[in-house]
Protein chains: 2
Amino acid sequence: MITPQPGGAVYRQLAELLRQEILSGRLQPGQKLPSETTLVQRYGIARETARRAVAVLRAEGIVGVVRGHGVVVREQPTIQDLTPTSGSTITARMPTADERAELEVPEGVPVIAVVAPDGGVEVYPAHRWRLRWPSS
Amino acid sequence: MITPQPGGAVYRQLAELLRQEILSGRLQPGQKLPSETTLVQRYGIARETARRAVAVLRAEGIVGVVRGHGVVVREQPTIQDLTPTSGSTITARMPTADERAELEVPEGVPVIAVVAPDGGVEVYPAHRWRLRWPSS
DNA sequence: CGAGATTTGTGCGTATGTATT
DNA sequence: AAATACATACGCACAAATCTC
């Protein structure tokens, strides 16, 4: 049973608890988290509270949700390298709803926006791309 | 009165409505959004639903909440340029809870992580920093 | 193919706590 | 002190997606 503490709301405590399950490896990528109903019974909390805890992990991008199936620990996707042209400006931000759909960006994952000197903009999901700064 | 549509839940419709208010400039940075109570009365919805709509905008990083005051359209902070050392690797992701507090990263704002060739890691809030690729 | 169980999504209501004005 | 506004937590009901048999 989790009870409200001065330092942390119940849903934050539960989120931290689940986060540690994942980071410690007790919950592996691809595995499902306990269902909302299970969390409700196990910790004696309301469903809203359990959902809020899961929402925290979703916002952090470490779990994904499949409706009618469950909450799954996210796989670490293959990272590809990206080297912009000289004179580019790079920013990171959360995607718009359109970009999320277009680029298949999961919840809680930002995008990398590369603005070339000619003004052209390219957007990359940050969970699959990283930038390499040339060694010279 | 907003009613559920096949295409969109009520809270999503309301989020889109508020988003347009902001993007169109009718709600300027620094201005407050209508309070939850106002939204409830104006659109004939439950408070939970109104909160959920606001939560969408918070996750997108376009509004911030000041407890006891209201929900405020976020200012566009001054952007500073950042040029990593040669051979660095740069990734973007959502911050951990600790980083959020440490770096004062608002909700819905990713961080830029720069890994130098020597392994040292530096983390920058993406709403205040961008990368400049030297023109050479 | 369908039926039912499971699981998350959405919406509503209520109550109380905390921070600001 | 009082009013305002968001935060947290509980409850209920039905919808929609997925899976199993």
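Within every chain, numbering begins at 1; the chains are lettered A, B, ... in the order of the sequence lines, protein sequences first and strands thereafter. Remember, predicted model here, so these are calculated numbers, not experimental data.
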Using the ring pair (Phe, Tyr, Trp, His ring centres under 6.0 Å) criterion, which residues pair with B/Tyr43? Sequence neighbours excluded. none

Has the side chain of B/Arg47 got a donor or acceptor that lies under 3.5 Å from a partner of the other kind on the base of D/dA7? yes

Just N and O in the side chain of A/Arg12: are any of them under 4.0 Å from OP1 or OP2 of D/dT8? yes

Check whether any side-chain N or O of A/Arg100 sits under 3.5 Å from a backbone N or O of A/Val105 as a donor-acceptor pair, and report yes or no. yes

N or O in side chain of A/Tyr11 less than 4.0 angstrom from D/dT8 OP1/OP2: yes

If you take atom types as modelled and just measure distance, does the side chain of B/Arg51 reach the base of C/dG11 with a donor-acceptor pair under 3.5 Å? no

Let me know the distance between CZ of A/Arg58 and P of C/dT8, rounded to the nearest Å. 10 Å

Using whole Å, report how far CD of B/Glu36 lies from P of D/dA3. 20 Å

Reckon A/Val54 touches a base, only the sugar-phosphate, or nothing at all at heavy-atom distances under 4.0 Å? nothing

Applying the Watson-Crick and G-U wobble criteria at under 3.5 Å, what pairs with D/dC21? Answer none if nothing qualifies. C/dG2

Side-chain N or O of B/Thr49 less than 4.0 angstrom from OP1 or OP2 on C/dC12? yes

The answer to which of A/Thr38 and B/Glu48 contacts DNA chain C further toward the 5' end, by nearest nucleotide, is A/Thr38

For A/Leu57, run the side chain to side chain contact (heavy atoms under 4.5 Å, CB included) check against A/Leu33, A/Val65, A/Val73 and tell me which one passes. A/Leu33

